[in-house]
Amino acid sequence: MAAYTPSEIEARWQAAWDKEGVFTAVRDETKPKYYVLEMFPYPSGRIHMGHVRNYTMGDVIARYKISTGHNVLHPMGWDAFGMPAENAAMAIGGHPKTWTYDNIADMRGQMKPLGLSIDWSREFATCDPEYYGQQQALFLDFLEAGLIHRKNASVNWDPEDMTVLANEQVIDGKGWRSGAEVEKRDLTQWFFKISDYADELNAALEGLNNWPAKVRLMQENWIGESRGLQFAFSTTADAPKDHDRIEVYTTRPDTLNGASFVGISPDHPLAKALEADNAELAAFCAECRKGGTTAAEVETAEKMGFNTGITVRHPFDTDHHLPVYIANFILMDYGTGAIFGCPAHDVRDFEFATKYELPIISTFLPSEDADPKVTEAYVPMKTEKVFYNGGFAGEQWQTGEQAIATAIDFCESKGIGQGVTKYRLRDWGLSRQRYWGCPIPVVHCDDCGVVPEKKENLPIELPFDVTFDIPGNPLDRHPTWRNTPCPSCGKAALRETDTMDTFVDSSWYFARFTSPHADTPTVKEDAEYWMNVDQYIGGIEHAILHLLYSRFFARAMQITGHLPEGAIEPFNALFTQGMVTHEIYETKDERGRPVYHLPEDVKDGKLTDGTEVQITPSAKMSKSKKNVVDPLGIIANYGADTARWFVLSDSPPERDVEWTASGAEAAYKHLNRVHNISTRIAEMDKDNKGTGDDDLLRAMHKAIHDVTVGVESFGFNAAIAKLYGFTAVMQKTKAGYAAQHEAIKVLAQLMAPMTPHLAEDIWANQGGTGLATTAPWPKADEKMLVDDSVTLPIQINGKRRGEITVPADMPKDEVEKLALATQAVQKALDGGTPKKVIVVPGRIVNVVV
RNA sequence: GCCCAAGUGGCGGAAUGGUAGACGCGGUGGAUUCAAAAUCCACUUCUGUAACAGGAGUGCCGGUUCGAGUCCGGCCUUGGGUACCA
C-alpha cells in the first residue's frame, strides 16, 4: 500500500495546475464571474499562520466557485509602502526599497507551496512605480474634481528629533527614540473630503446585507450622525474684538436650562486670540498641547479647565451669565469646538463642574418627587420618559427624544439657532512626512502657489539615493529631487516632499487587480466585468478605516470616471476572520526578567535542559513573545494540506484559532486515514457486492449537503466536522465496490477546497476524469436526505424527561397522544391533566403540568 | 474615556429560541504486537449511585418565554478599533 507522501504529491499537483493554467483569470462573458479577494499582506518578510489561515479561507471559496462553474478572479499583491521599511533602514541599514522587494520575493516563495489558487500574473506591489504612478493620476483627478483640499491639522511633534511621529511612535506621551515629551503641532496637510460623503456612506451601509452586522454598526457609530441645535452665545463686554459670539453645537438642547458653563477647545480661535496677552492662559494652552493627538489619550487625560474670565449671556435670560472655560477634553475637530456644559446630565461635565465648583442644575428627573439636587449625573436612555422640572418646551413628562425635537423647534421659532445634522467623521488627512510612500504630485511655486504636476510627468518616482542616519524625511534634505520647474509658469519651483498615507494605496488595489498593468488606473471593460469583489476576506482590525476609505475611494473613482456606477460599494460580501494564537512559554533570567521560548524548543512543559516553563494562555502570535509557529516547518513536516486542514478545522473562521502541535498532528493522521481508505478501495475487487450500499450513499448525500452549506456560509469548521463523520462511516462500511468508489470520489471532491493536493491524488487514483479542481461540484439528492422516523425529546416543564420515536410525518395530535401516554409523563401528571402541551413537529414535545 | 465583539467540560469548540457539550485534542480501558510505534474499538461535563434514579450546569445579577448558551436590562473579564501601525 502506497504511503501518503505530501511533499511528493503537493509538488506534482501544483505543477499540474500551473501547466493547465487553471487559475489564470481571463474575461469570459459566457460564464458568471466571481471575484474573491483576501486583504493583501504587508511584506514583513515571513508568512505566519495568520496569513495561512486568511489565504486558505479565500482559497476554499475560490476553489468551490471554480467547481460550481464560475470564472474566478483570485489575485495577490503587496501592501508595500509604510514605516517598517524605514525603521529597518534606520535599525540595520540598507534601503527600504531593497528591504521591501527582498521581503516580497521571500514571502512569495513561502506562499507558493500552500497551493493557493492565485492568478500570479496579476501580482503587483504598491511600491511599484507602475502602481503608484496611477495613484498619482487618481490624486490629480480627485483634486480637479474638488475631492481634495488643504487645511491645518495637528500632528505629534518630537521637539528633540524635530520630526513628526506616528501615534505608534508615541509611547506614554514620549517620542520612541528621543524619549522627549511629545507635543501637538499644526501643519498644513492634504485632505480627502470624505466628510462631504458622510451622509451617503452612512445611508449606504443599510444595503450591505452581506457584511457582518458588527462592521456596519462600527462604521455607523464612527460616522456618527447626530441631530442637534447649533446656536451662539453672545459674549459680554469683556471679550476680545471679533469674538462677540461663541458658536456651540449640542445634541441635548432640552438641557439648556441646566447650562452652567461654556467650554471651548484649547485650539478654538477665541483661545488663540486670548493667548496673545494672557501669559497664564497661554501656559495652560501649552500644557493642553502636551501629549499625543490620539482620541484615547485626549479623552483619558485628567480633565483640566481654565477660566478665561469672559462670560456669555444665556439665550433665554440675558441677565444670566455663564463663565467661559478652556477645557482640554473638547476637540476642535468635532462640532464647533465649543460646548455648553450641563453637569446634571453629562458625566464629564459633572466631573468638571465638581472640580471647578460650578452649579449643577437638573432639568429632568426620574420622578416628580425626586430631589432636584442631583449627586451624580443623571443620564437615562433617550427613549425613557422622564419628568422635566426645568423644561421649556413640550410636555412635563416626555422622553429625551421628544424633548430634544421640541426644544429644537422652540429655539428655531425664537430665532435662537437652527436644528442641524452633524457627523463625527472627519476629513481624511493623507499627508505623511516620510520617504517610503507615494509622492504627492504637486509643486509649490512662489508665483503660482500650489500647482498640480502634469500627468505626462507621472510617475513622480522616489529618488533612490537617500539616507536614514538622521531623523526626519530624507526627501526634505535631498539635494536635487525637490527642484523642478513649475508646471504652470516654468520657473524654478519646489516639489511637495510629503508622501501619501499607506491607506491610500490599499483603498483602490482591488480595482487595480482588474487590469493590473494598464497605463490608466483602470480599464473600463475589465472593471465592468470583474467588479465588484464578490467576497472580501480580512481581519476585523480593518472594520473601520480601511473599509471606509475604500468605500469613499470607490465613490471618488466613479465620479472621476475610473469605476462604473455599480461599483460605488466595491465589496458585495465581507468576512472578518479571527487570529491564529498560541500559548506563550516563559522563563525568567537571573534578574527576573521574562525570557520567551519558541514552541519547538518546549516539550511537555519543559525546555530541552529540563527547565520548567511557565505557560500563559494563548495570545496572538507575535515575534516578541516567541509564540510563533513557522508555516514552513509545518509544511516540511506534514505538508500544506495538513496546515490548511488544521487552520480551518478547530474554530469558527470569525474567531481566533489556537495552534496546537497535537491538533496539527491529528489533522495529519486524518489525511493519512483518508489516503489509506482510498488505497483500500482502489485495491478492491471491482465486482464486489457488499452490504449497506444504501446507508453509505445516504451518508454521502448528507455529507454533500452539509459540506456545501458549510462552505457557502463560512462554516468551515462545521464542514470539516461533517467530513470527519463521513470518513468514519467510510472506514466502517461493508458496502460494495461501486458504492464505495462513488463515495470516495465524492469525499475527495468535498475535501478539495481545503486539501486540494490530496484530493487530486485520490481523484487520479480512482480514475476520475481531468482535474478534481475543475470537476463539477457534487449535488445532493434531496430524496436521500430525509429520514423516515424521528426521535423527539419529551420535556416536562422545560426539563427533558424522556423521548419517543415516531414516523416523520405523524400529525401533531397523534404525537401529543403518544407523548402523553409515556411513562414519564404519566408519572409527572399523577392522574391529573396537563395545563398545556406544546408539540413542535420534528423538534420537541413540552408538557406543562 | 468612547465604539464593537467574545466568554460553554481538563483543552479547542458544536448547538434556525426546542435533547447543552457535535467534531477534534487530551485522558482511561481494551484489541493487535514478543514488546513498542502505528492502527482499530469503547468510555470520558460535574455531582451522585454497586448500577439505575436523581441533582447541578453555558462569566456574574436580574427579566421575557411553555422552553434561554441563544432574546432584553445591568455588571465583570478579555480582545479589536480609536482617525499617522498595517
Side-chain angles (χ1 to χ4, degrees), chain A residues 39 41-42 44 79 81-84 87 153 155-156 164-170 189 194 212-215 217-222 224 292-301 303 329 333 347-348 381 424-434 501-503 506 539-546 548-549 576 578-579 581 617-620 646 649-652 654-663 665-667 669-670 672-673 676 715 717-718 720-725 728 731-732 791-795 797-800 802-803 835-838 840 842-848:
Chain A
M39 290 179 187
Y42 179 79
S44 60
D79 188 12
F81 275 135
M83 286 200 314
N87 294 342
V155 294
N156 303 308
V164 176
L165 297 178
N167 287 336
E168 195 190 44
Q169 297 169 319
V170 179
Q189 314 239 283
I194 189 173
K214 62 180 170 186
V215 175
L217 189 57
M218 278 189 259
Q219 292 215 354
E220 187 185 328
N221 290 333
W222 184 261
T293 57
T294 69
E297 206 172 333
V298 171
E299 288 188 42
T300 53
K303 317 258 171 304
F329 59 86
D333 296 316
V347 177
R348 210 166 48 180
M381 306 268 280
R424 208 185 71 98
L425 179 67
R426 311 200 298 251
D427 278 339
W428 167 15
L430 67 109
S431 301
R432 297 291 180 270
Q433 296 69 46
R434 274 190 272 281
D501 176 10
T502 55
F503 273 121
S506 56
I540 187 68
E541 67 271 22
H542 295 294
I544 295 173
L545 295 180
H546 162 61
L548 191 61
Y549 291 158
T576 54
M579 300 176 299
T581 66
S618 253
K620 180 176 179 172
F646 178 69
S649 68
D650 238 23
S651 276
E654 68 274 17
R655 293 252 289 264
D656 294 349
V657 64
E658 182 183 31
W659 183 274
T660 58
S662 57
E665 177 82 17
K669 282 182 187 175
H670 181 75
N672 262 292
R673 211 172 293 141
N676 293 343
N717 57 323
I720 284 179
K722 301 292 181 188
L723 286 168
Y724 270 110
Q731 182 110 304
K732 287 173 196 157
T791 300
L792 300 179
I794 296 172
Q795 291 184 337
N797 294 338
K799 297 234 172 218
R800 189 178 184 279
E803 59 179 42
K835 272 194 201 150
K836 198 170 178 184
V837 182
I838 293 122
V840 184
R843 279 284 179 197
I844 204 164
V845 182
N846 192 11
V847 182
V848 186

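Below, chains carry the letters A, B, ... as their sequence lines are ordered, and counting in each starts from 1. Note that this is a predicted model, so its numbers are computed, not measured.
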Under-3.5 Å N/O pairs linking protein and nucleotides 61-67 of chain B:
unit_1	atom_1	unit_2	atom_2	d
rC66(B)	O2'	N846(A)	ND2	3.3
rC66(B)	O2	N846(A)	ND2	2.6

Name the pairs: protein N/O against N/O of nucleotides 52-56 of chain B, kept only if under 3.5 Å.
unit_1	atom_1	unit_2	atom_2	d
rG55(B)	OP1	R801(A)	NH2	3.4

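For the pair E803(A) CD and rA20(B) C1', the interatomic distance rounds to 15 Å; values are reported in whole Å. The NE2 atom of H546(A) sits 14 Å away from the P atom of rU82(B) (whole-angstrom rounding). Between M218(A) atom CE and rC2(B) atom C1' there is a gap of 14 Å when expressed in whole angstrom units. A straight line from CD of E541(A) to P of rA83(B) spans 16 Å, rounded to a whole angstrom. Regarding I844(A), its CD1 atom lies at a distance of 14 Å from the C1' atom of rU16(B), rounded to whole Å. Straight-line distance from the CD atom of E299(A) to the C1' atom of rG1(B): 5 Å, rounded to whole Å. For the pair H670(A) NE2 and rC25(B) P, the interatomic distance rounds to 10 Å; values are reported in whole Å.
From D501(A), atom CG reaches atom CG of L430(A) across 7.0 Å, with rounding to the nearest 0.5 Å. The distance from atom CG of L548(A) to atom CD of Q219(A), rounded to the nearest 0.5 Å, is 4.5 Å. Put simply, CD1 on I838(A) and CZ on R843(A) are 15.5 Å apart, with the number rounded to the nearest 0.5 Å. Interatomic distance, I194(A) CD1 to R426(A) CZ, rounded to the nearest 0.5 Å: 12.0 Å. In this structure, CD1 on I844(A) lies 11.5 Å from CD on E803(A), to the nearest 0.5 angstrom. To the nearest 0.5 Å, atoms CZ (R348(A)) and CD (E299(A)) are separated by 6.0 Å.
Using a 4.0 Å cut-off, some side-chain N or O of N717(A) falls inside it from OP1 or OP2 of rA14(B). Taking 4.0 angstrom as the limit, N167(A) places a side-chain polar atom (N or O) nearer than this to OP1 or OP2 of rA83(B). An OP1 or OP2 oxygen of rA86(B) is reached within less than 4.0 angstrom by a side-chain nitrogen or oxygen of T502(A). R673(A) has a side-chain polar atom (N or O) that falls below the 4.0 Å cut-off from OP1 or OP2 of rC40(B). Residue R426(A) places none of its side-chain N or O atoms closer than 4.0 Å to OP1 or OP2 of rA83(B).
Applying the Watson-Crick and G-U wobble criteria (two distances, each under 3.5 Å), rA5(B) pairs with rU78(B). Pair assignment for rG62(B): rC72(B), on the basis of Watson-Crick or G-U wobble contacts that are both within less than 3.5 Å. Nucleotide rA50(B) forms no Watson-Crick or G-U wobble pair with any nucleotide shown, as no partner meets the under 3.5 Å limit on both distances. In this structure rA31(B) sits in a base pair with rU39(B), meeting the Watson-Crick or G-U test at under 3.5 Å. Nucleotide rG21(B) forms no Watson-Crick or G-U wobble pair with any nucleotide shown, as no partner meets the under 3.5 Å limit on both distances. Of the nucleotides present, rU44(B) is the one that pairs with rG26(B) by Watson-Crick or G-U wobble criteria, both distances under 3.5 Å. Figure legend. rG57(B) is base-paired to no nucleotide; pairs are counted as Watson-Crick or G-U wobble with both atom distances under 3.5 Å.
Residues passing the salt bridge (charged side-chain N to carboxylate O under 4.0 Å, His left out) test with R434(A): none are found, sequence neighbours excluded.
Across T293(A) and V298(A), no two heavy atoms sit closer than the pair O-CG2, 4.2 Å. Residue V845(A) comes nearest to L792(A) through the heavy atom pair CG2-CD1, 4.1 Å, listed as atom of the first residue, atom of the second, then distance.
V155(A) comes within 4.0 angstrom of a base, heavy atoms only. Residue V170(A) is classed as having no contact, given no heavy-atom separation below 4.0 Å to the nucleic acid. P652(A) comes within contact range of the sugar-phosphate backbone alone, with a heavy-atom separation under 4.0 Å but no base atom that close. Counting any heavy atom pair closer than 4.0 Å across all strands shown, G224(A) reaches no nucleic acid atom. Among the atoms of the strands shown, none is found under 4.0 Å from any heavy atom of W428(A). Contact annotation for G663(A): no contact, since no heavy-atom pair falls under 4.0 Å across all strands. As judged by a 4.0 angstrom heavy-atom cut-off over every strand, S431(A) is placed among the base-contacting residues. Among the heavy atoms of the strands lying under 4.0 Å from A296(A) is at least one base atom, whether or not backbone atoms are also near. In this structure, K669(A) reaches the sugar-phosphate backbone alone: every heavy-atom distance under 4.0 Å involves primed, P, OP1 or OP2 atoms, never a base. Base contact: L425(A) has a heavy atom under 4.0 Å from a base atom. Note on Q433(A): a base of the nucleic acid sits closer than 4.0 angstrom, heavy atoms only. Note on F329(A): nothing from the nucleic acid sits closer than 4.0 angstrom, heavy atoms only. Within the nucleic acid shown, H542(A) comes within 4.0 Å of at least one base atom, counting heavy atoms only.
Between rC25(B), rA86(B), rA20(B), one nucleotide has an atom nearer to the side chain of R800(A) than all others, and that is rA20(B). Distances were taken from every side-chain heavy atom of R843(A) (C-beta onward) to each of rG80(B), rC84(B), rU16(B); the shortest belongs to rU16(B). Closest to the side chain of N221(A), out of rA83(B), rC3(B), rC84(B), is rC3(B). Considering only the side chain of D501(A), rC84(B) comes nearest among rC84(B), rC3(B), rA83(B). Between rG24(B), rG1(B), rG80(B), one nucleotide has an atom nearer to the side chain of Y724(A) than all others, and that is rG24(B). Side-chain atoms of I540(A) lie closest to rG80(B) of the nucleotides rA83(B), rG80(B), rU16(B). Taking every side-chain heavy atom of K214(A) into account, rA5(B) is the closest of rA83(B), rG80(B), rA5(B).
Judged by atom type and distance alone, R424(A) does not reach the base of rU82(B) through any side-chain donor-acceptor pair under 3.5 Å. One cannot find a donor-acceptor pair under 3.5 Å joining the base of rC4(B) and the side-chain atoms of E220(A).
Remark: side-chain polar atoms of N156(A) are not paired, donor with acceptor, to backbone N or O of G292(A) under 3.5 angstrom. Side chain of Q795(A) to backbone of V847(A): no donor-acceptor contact under 3.5 angstrom is found.
Under the side-chain contact (heavy atoms from CB on, under 4.5 Å) test applied with S649(A), the options I720(A), N717(A), L723(A) reduce to a single match, I720(A).
Ring geometry for Y724(A) versus H670(A): interplanar angle of 30 to 60°, hence tilted.
Looking at K214(A) and T576(A), their side chains come closer than 4.5 Å, going by heavy atoms from C-beta outward.
Classification of rG54(B) as anti follows from a glycosidic angle more than 90° from 0.
For the pair T294(A) and K732(A), both in contact range of RNA chain B, the more 5′-proximal nearest nucleotide belongs to K732(A).
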